[in-house]
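Taking it in order: structure first as structure tokens, then the write-up.
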Number of protein chains: 2
Amino acid sequence: MFIQIEPQSDIPIYEQVTRQIIEGIARGEMKPGDTLPSVRNLAADLGVNMHTVNKSYHELEEKGIITIRAKSGAIIRSTEERALTPEQLQQIEKNLKPVVAEGMVLGATAEQIEYMMKKVFADLQIPAEGV
Amino acid sequence: MFIQIEPQSDIPIYEQVTRQIIEGIARGEMKPGDTLPSVRNLAADLGVNMHTVNKSYHELEEKGIITIRAKSGAIIRSTEERALTPEQLQQIEKNLKPVVAEGMVLGATAEQIEYMMKKVFADLQIPAEGV
DNA sequence: ATATTTGTTATATAAACAATATAACAAATA
DNA sequence: TATTTGTTATATTGTTTATATAACAAATAT
């Protein structure tokens with residue numbers, strides 16, 4: 001698995017798992033329809049407790065990114081299934097706000113922040129073939 | 001004071017205070033050189049404990065946004081004093097990443113996310129006179 | 001059909017974090 | 001000189017994070 005846990009981080013383990021799975025999907029390393037590893041398997045892989053991974057999966061379900069089929073497994077939802085709601089758009093804006101505000105106050109220009117955004121995009125997007 | 005606390009939020013109170021002060025500075029409601037209210041005064045205003053506000057101020061100092069003069073007060077640093085370091089730029093990028101990734105996975109296009117960024121900018125920036 | 005794997009639920013424990021409550025100190029300010 | 005300031009210390013409470021076991025019942029594999 002591509003997930004790397006930093007035990008010393010101030011970000012909770014379950015949140016690290018959630019973020020890295022989201023990044024993995026964004027990068028195209030995991031596609032809609034794919035099944036996530038079982039909570040027990042992933043937990044064993046990462047050397048953490050089953051419940052920690054379980055919490056992460058439920059967070060992903062709450063965000064609308066996966067579907068958990070009880071006693072079967074967790075599946076990544078298709079982009080069609082997870083139609084972007086106005087509430088989700090608003091949530092993204094809410095998440096964006098403190099980051100941008102801090103950047104501005106620290107003296108970053110709009111151009112610098114937009115440039116970083118583009119860098120993040122390039123890092124996340126599926127690498128176009130041959131480019 | 002312009003700070004509004006949501007006690008039910010999953011964001012800690014001290015973090016809410018930190019963010020809203022940053023947004024206040026970004027908006028120009030508070031300028032470099034201005035003194036923040038004393039921890040006791042702001043705490044009384046918000047109806048929270050002195051230590052909660054104190055924790056927020058120290059978070060702001062760690063971020064390089066204010067200077068705390070022991071036994072005197074907390075002052076907002078000037079943009080020159082808080083020269084944007086490469087580490088700070090990298091931190092902003094690190095903060096940006098999970099937000100952008102989540103947006104993408106939820107189906108937001110690059111254009112949608114950039115549009116939201118611009119909205120946040122417009123909301124934060126000092127309103128240009130007469131415009 | 002049986003055994004294994006799955007997510008779910010329950011209980012318990014420990015550590016860290018968030019928030020409050022008091023109190024006292026010593027320097028800065030009024 | 002009295003008040004205000006950030007600092008430090010101690011204590012308590014509740015929540016969150018993370019782990020550890022265990023059992024259940026449905027889904028899947030053999």
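Residue numbers start from 1 in every chain, and the chains themselves are labelled A, B, ... in the order their sequence lines are given, proteins ahead of strands.
- Among the nucleotides D:dT7, C:dT6, D:dA22, the one closest to any side-chain atom of A:H51 is D:dA22.
- A:K55 has a side-chain polar atom (N or O) that falls below the 4.0 Å cut-off from OP1 or OP2 of D:dT17.
- Across D:dT19, D:dA18, C:dA21, the shortest atom-to-atom separation from the side chain of A:Y14 is found for D:dA18.
- Summarising the geometry of A:I22 relative to B:V105, their closest heavy-atom pair is O-CG2, 3.3 Å, with the distance given to 0.1 Å.
- Closest contact between the side chain of A:K71 and the listed nucleotides D:dT7, C:dT8, C:dA19 involves C:dT8.
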(Q) Before you tell me yes or no, could you show the steps for A:K55 and A:E59 under salt bridge (charged side-chain N to carboxylate O under 4.0 Å, His left out), namely the whole-Å CA-CA distance, both residues' side-chain angles and the distance that decides it to 0.1 Å? (A) CA-CA 6 Å; A:K55 190 169 184 180; A:E59 203 188 2; over 6 Å; no
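- For A:S72 and D:dT28, the shortest distance from a side-chain N or O to OP1 or OP2 is below 4.0 Å.
- Minimum atom distance to the side chain of B:A70 is reached by D:dT7, of the listed C:dT8, D:dT7, C:dT20.
- Put simply, A:T52 has a side-chain N or O that comes within less than 4.0 Å of OP1 or OP2 on D:dT19.
- When all heavy atoms of A:I11 and A:Q16 are compared, the pair lying nearest together is O-NE2, 2.9 Å.
- Nearest nucleotide to the side chain of B:S38, out of D:dT5, C:dG7, D:dT7: D:dT5.
- Checking the phosphate oxygens (OP1, OP2) of C:dT8, a side-chain nitrogen or oxygen of A:N54 falls inside 4.0 Å.
- In terms of polar N and O atoms assigned as donor or acceptor, the side chain of B:R69 never comes within less than 3.5 Å of the base of D:dG6 in a complementary pairing.
- Each of D:dT19, C:dT20, C:dG7 was ranked by its minimum atom distance to the side chain of A:I68; first place goes to C:dG7.
- Residue A:P12 places its side chain closer to D:dT17 than to any other of D:dT7, C:dG7, D:dT17.
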